[in-house]
Amino acid sequence: MPHAEVKYSSDLDIDTQAILTKIEAVILEHDDGAGDCKGRGYPTSEYQYTHIDISVSVLSKPHRDAAFSNALLADLEHSIKALIPMACEFSLGLHYITPFYVTGSHRP
């Protein structure tokens, strides 16, 4: 289950839901077994310079090698930037979660 966080300056006029949906779609294009991508958007009114910082985390798996990572990162960057209608600083990180990680549903 991948995770994505979109942190951005509140002066950016962006559709966070569209960005999160696109991130999930791009991940699934590269790895159709990745599952749902949980995502959150964090606008802030306290910032220096207009910017967006996106973090995408996936589990480490043997087929997710350097070639996979570079291709996924390039496609994510291209797809996300197409959804940002104004100039800003842009950061995007692809992170791998260690095997020592618990994920799943909680139903009390």
Side-chain angles (χ1 to χ4, degrees):
M1 246 180 239
H3 297 270
E5 291 187 347
V6 179
K7 300 173 185 172
Y8 59 98
S9 312
S10 58
D11 64 332
L12 280 174
D13 183 21
I14 61 171
D15 182 345
T16 310
Q17 188 59 55
I19 291 172
L20 292 170
T21 298
K22 180 54 80 173
I23 289 170
E24 180 177 66
V26 171
I27 292 170
L28 290 171
E29 287 171 11
H30 286 262
D31 186 347
D32 61 2
D36 297 335
C37 183
K38 308 300 184 266
R40 293 187 190 105
Y42 298 98
T44 183
S45 60
E46 297 182 29
Y47 59 89
Q48 183 171 333
Y49 308 109
T50 299
H51 68 281
I52 186 167
D53 179 19
I54 301 164
S55 176
V56 177
S57 301
V58 296
L59 288 172
S60 182
K61 295 193 176 184
H63 68 280
R64 294 178 179 163
D65 57 10
F68 172 91
S69 300
N70 287 324
L72 176 58
L73 193 59
D75 286 350
L76 284 168
E77 179 182 12
H78 175 76
S79 297
I80 295 166
K81 283 183 172 179
L83 298 173
I84 303 172
M86 58 189 288
C88 66
E89 297 304 312
F90 180 89
S91 300
L92 170 63
L94 177 60
H95 308 278
Y96 282 93
I97 302 166
T98 72
F100 305 102
Y101 179 77
V102 176
T103 187
S105 298
H106 172 72
R107 294 189 181 24

Closest heavy-atom pair and its distance - [X], [Y]:
X     : Y     : result
Gly41 : Leu20 : N-CD1, 4.5 Å
Arg64 : Val58 : NH1-CB, 3.7 Å
His3  : Ile97 : CD2-CD1, 4.4 Å
Gly35 : Glu24 : O-OE2, 4.5 Å
Tyr96 : Ser69 : OH-OG, 2.7 Å
Leu83 : Ala18 : CD1-O, 3.7 Å

For residues [X] and [Y]: do they belong to one hydrophobic cluster (side chain heavy atoms under 4.5 Å, members Ile, Leu, Val, Met, Phe, Trp, Tyr)?
X     : Y     : answer
Leu73 : Phe68 : yes
Leu28 : Ile80 : no
Tyr42 : Val56 : no
Phe90 : Tyr49 : no
Ile14 : Leu92 : yes

Any donor-acceptor pair under 3.5 Å linking the side chain of Thr98 with the backbone of Phe100?
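Yes.
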
Should the heavy atoms of other residues, nucleotides or ligands under 6.0 Å from CG of Asp32 be counted, would the total exceed 12?
no

Value rounded to 0.5 Å, distance of [atom1] in [X] from [atom2] in [Y]:
X     : Y     : atom1 : atom2 : answer
Ile27 : Met1  : CD1   : CE    : 12.5 Å
Asp31 : Leu59 : CG    : CG    : 10.5 Å
His78 : Lys22 : NE2   : NZ    : 9.0 Å

Side-chain heavy-atom pair [X], [Y] within 4.5 angstrom cut-off:
X     : Y     : result
Tyr47 : Ser10 : yes
Thr44 : Lys7  : no
Ile23 : Ile54 : yes
His51 : Ser91 : no

So if I apply the side-chain contact (heavy atoms from CB on, under 4.5 Å) rule between Tyr8 and each of Ile52, Asp53, Ile84, which one comes out positive?
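By the side-chain contact (heavy atoms from CB on, under 4.5 Å) criterion, Tyr8 pairs with just one of Ile52, Asp53, Ile84: Ile52.
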
